[in-house]
S.K.: 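There's a structure below that I have some questions on.
Numbers restart at 1 for each chain; the letters A, B, ... are given by sequence-line order, proteins then strands.
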There are 2 protein chains.
Amino acid sequence: MATTQLESHVLSKSCQYALRAVVYIAARATPGHLVGAQEIADGLDIPKHFLSKILQQLTRNHLISSTKGPHGGFFLSEENERVTIDRIVEVMDGPGLFKACVLGMPQCSSDHPCPLHTQAVEYRDGLYNKLKRLNIKELATVVHKENIQL
Amino acid sequence: MATTQLESHVLSKSCQYALRAVVYIAARATPGHLVGAQEIADGLDIPKHFLSKILQQLTRNHLISSTKGPHGGFFLSEENERVTIDRIVEVMDGPGLFKACVLGMPQCSSDHPCPLHTQAVEYRDGLYNKLKRLNIKELATVVHKENIQL
DNA sequence: TAAATAAAGGATATAAGGGTCTTTTATTAG
DNA sequence: CTAATAAAAGACCCTTATATCCTTTATTTA
Ligand code: FES
Ligand code: FES
């Protein structure tokens, strides 16, 4: 009887963790102190081993940097700091999120719109454009200045 | 090595199917011809038994109507036609979708914003408001007039 | 009343996301 | 060189969404 409610989301949990972790790294990493997976996991209350997988994925895609061994950990190169937020989403959740039809139709375009195309596309593209223009460093700066909680 | 890409979505597949099915019913059902699950499944290329579950859920929540037996099927009462799209989303994907934080933080408000709150909220609320103001009959009318593909 | 029809409901199977654990590799300090 | 450290990598398990199948209930027509 009781209808089990789904827990819907725009971004996957992996992607949510990735974004929070990257901001955390941007905030805490210094040349003298790299940020370890353990530290991030503790600080953001994310399962450590799961987080590790995510950080590996980001590293492989050159969105963040890492070194092994004692005092190793994760950090952001100057290049990394200029990576835009949409890139992180793209790597974690695939390139389809901001292209795909809300109703799951094979094509999404004004030529072949689905019933909700008009309603959905305006805001979807709006968010996409914002994330494309926002890089990690900028986001971290705002988070610091506004004292935003991770 | 190869990073398996997730297939992200805003709405669950169940919800996507539900929305398309409801519009289909609105378009095809007449007092003399109720629309069967089989017909919808064929017309929209949705797995029949899966669709049945979804239609049951919509019926239980009084968003659509049904009768059993020969020439039975699904239809929309006048009350059903005034059901707004956000209600369908709410029943299928839960009430949290348009309330939850994009980064999965426990609270979403301008008092305790996450790093992407500003960017995301406009998108989320904008779509939500549109869907709250759009009912099934209106949507079906637009779909018919614009000759939109389901 | 009997047979046919179609939704409702329950049980089960499959796939993917989310999460844990162990081993390996690279780096550094001693 | 060795021990310690921490990321990388791979194997594995759990939960949930998706999908299928089978049985039951309600309705209609003959
Ligand atoms: S076609 Fe569905 S959102 Fe564009
Ligand atoms: S707090 Fe994250 S979207 Fe509002």
S.K.: Would you mind telling me which of C/dG18, C/dA8, D/dT29 lies closest to the side-chain atoms of B/His71?
M.R.: D/dT29

S.K.: Minimum heavy-atom separation for A/Ala26 and A/Ile136, please, with both atom names.
M.R.: CB-CG2, 4.1 Å

S.K.: For A/Ser52, answer base if it contacts any base atom (sugar-phosphate contacts may also be present), sugar-phosphate if it contacts only those atoms, and nothing otherwise; contact means non-hydrogen atoms under 4.0 Å.
M.R.: nothing

S.K.: Could you please name the option among D/dA8, C/dA8, C/dC21 that lies closest to any side-chain atom of A/His49?
M.R.: C/dC21

S.K.: Let me know the distance between CZ of A/Phe50 and P of D/dC14, rounded to the nearest Å.
M.R.: 17 Å

S.K.: Nearest-Å distance, CD (A/Gln56) to C1' (C/dT20)?
M.R.: 14 Å

S.K.: Within less than 4.0 Å of OP1 or OP2 of C/dA6, is there a side-chain N or O belonging to B/Thr67?
M.R.: no

S.K.: Look at the side chain of B/Pro47 and decide which nucleotide, out of C/dA7, D/dT18, D/dT20, has an atom nearest to it.
M.R.: D/dT20

S.K.: Roughly, in whole Å, what's the span from CZ in B/Arg60 to P in C/dA7?
M.R.: 15 Å

S.K.: Distance check needed: D/dA7 P versus A/Asn61 CG, whole Å only.
M.R.: 18 Å

S.K.: Among residues two or more places apart or on two chains, list those pairs meeting ring pair (Phe, Tyr, Trp, His ring centres under 6.0 Å) that have a residue in residues 131-150 of chain A.
M.R.: none

S.K.: In whole angstrom, what separates A/Phe75's CZ from C/dT27's P?
M.R.: 12 Å

S.K.: When we call it a touch if two heavy atoms are under 4.0 Å apart, what does B/Lys53 touch: a base, just sugar-phosphate, or nothing?
M.R.: base

S.K.: Take the protein atom CG of B/Leu34 and the nucleotide atom P of D/dT27, then report the distance between them rounded to whole Å.
M.R.: 13 Å

S.K.: Looking only at side-chain atoms of A/Lys68, point me to the closest of D/dA26, C/dG9, C/dT25.
M.R.: C/dT25

S.K.: Taking only N and O in the side chain of B/Tyr17, is any of them less than 4.0 Å away from OP1 or OP2 of D/dT18?
M.R.: no

S.K.: Which comes earlier along DNA chain D counting from the 5' end, the contact point of A/Pro70 or that of A/Ser66, where each point is its nearest nucleotide?
M.R.: A/Pro70

S.K.: Between B/Tyr24 and B/Arg20, do the side chains contain an N or O donor and an N or O acceptor separated by less than 3.5 Å?
M.R.: no

S.K.: Do B/Arg133 and B/Glu138 meet the salt-bridge criterion of a basic N to acidic O distance under 4.0 Å?
M.R.: no

S.K.: So does B/Lys137 pair up with B/Glu78, basic N to acidic O under 4.0 Å?
M.R.: no

S.K.: Does the D/dA6 base have a donor-acceptor partner in the side chain of A/Gln38 within less than 3.5 Å?
M.R.: no

S.K.: Using heavy-atom distances to pick each residue's nearest nucleotide on DNA chain C, tell me which of B/Leu55 and A/Gly69 is more 5'.
M.R.: B/Leu55

S.K.: Please report, rounded to the nearest Å, how far the P atom of C/dA7 is from the CD atom of B/Glu39.
M.R.: 10 Å

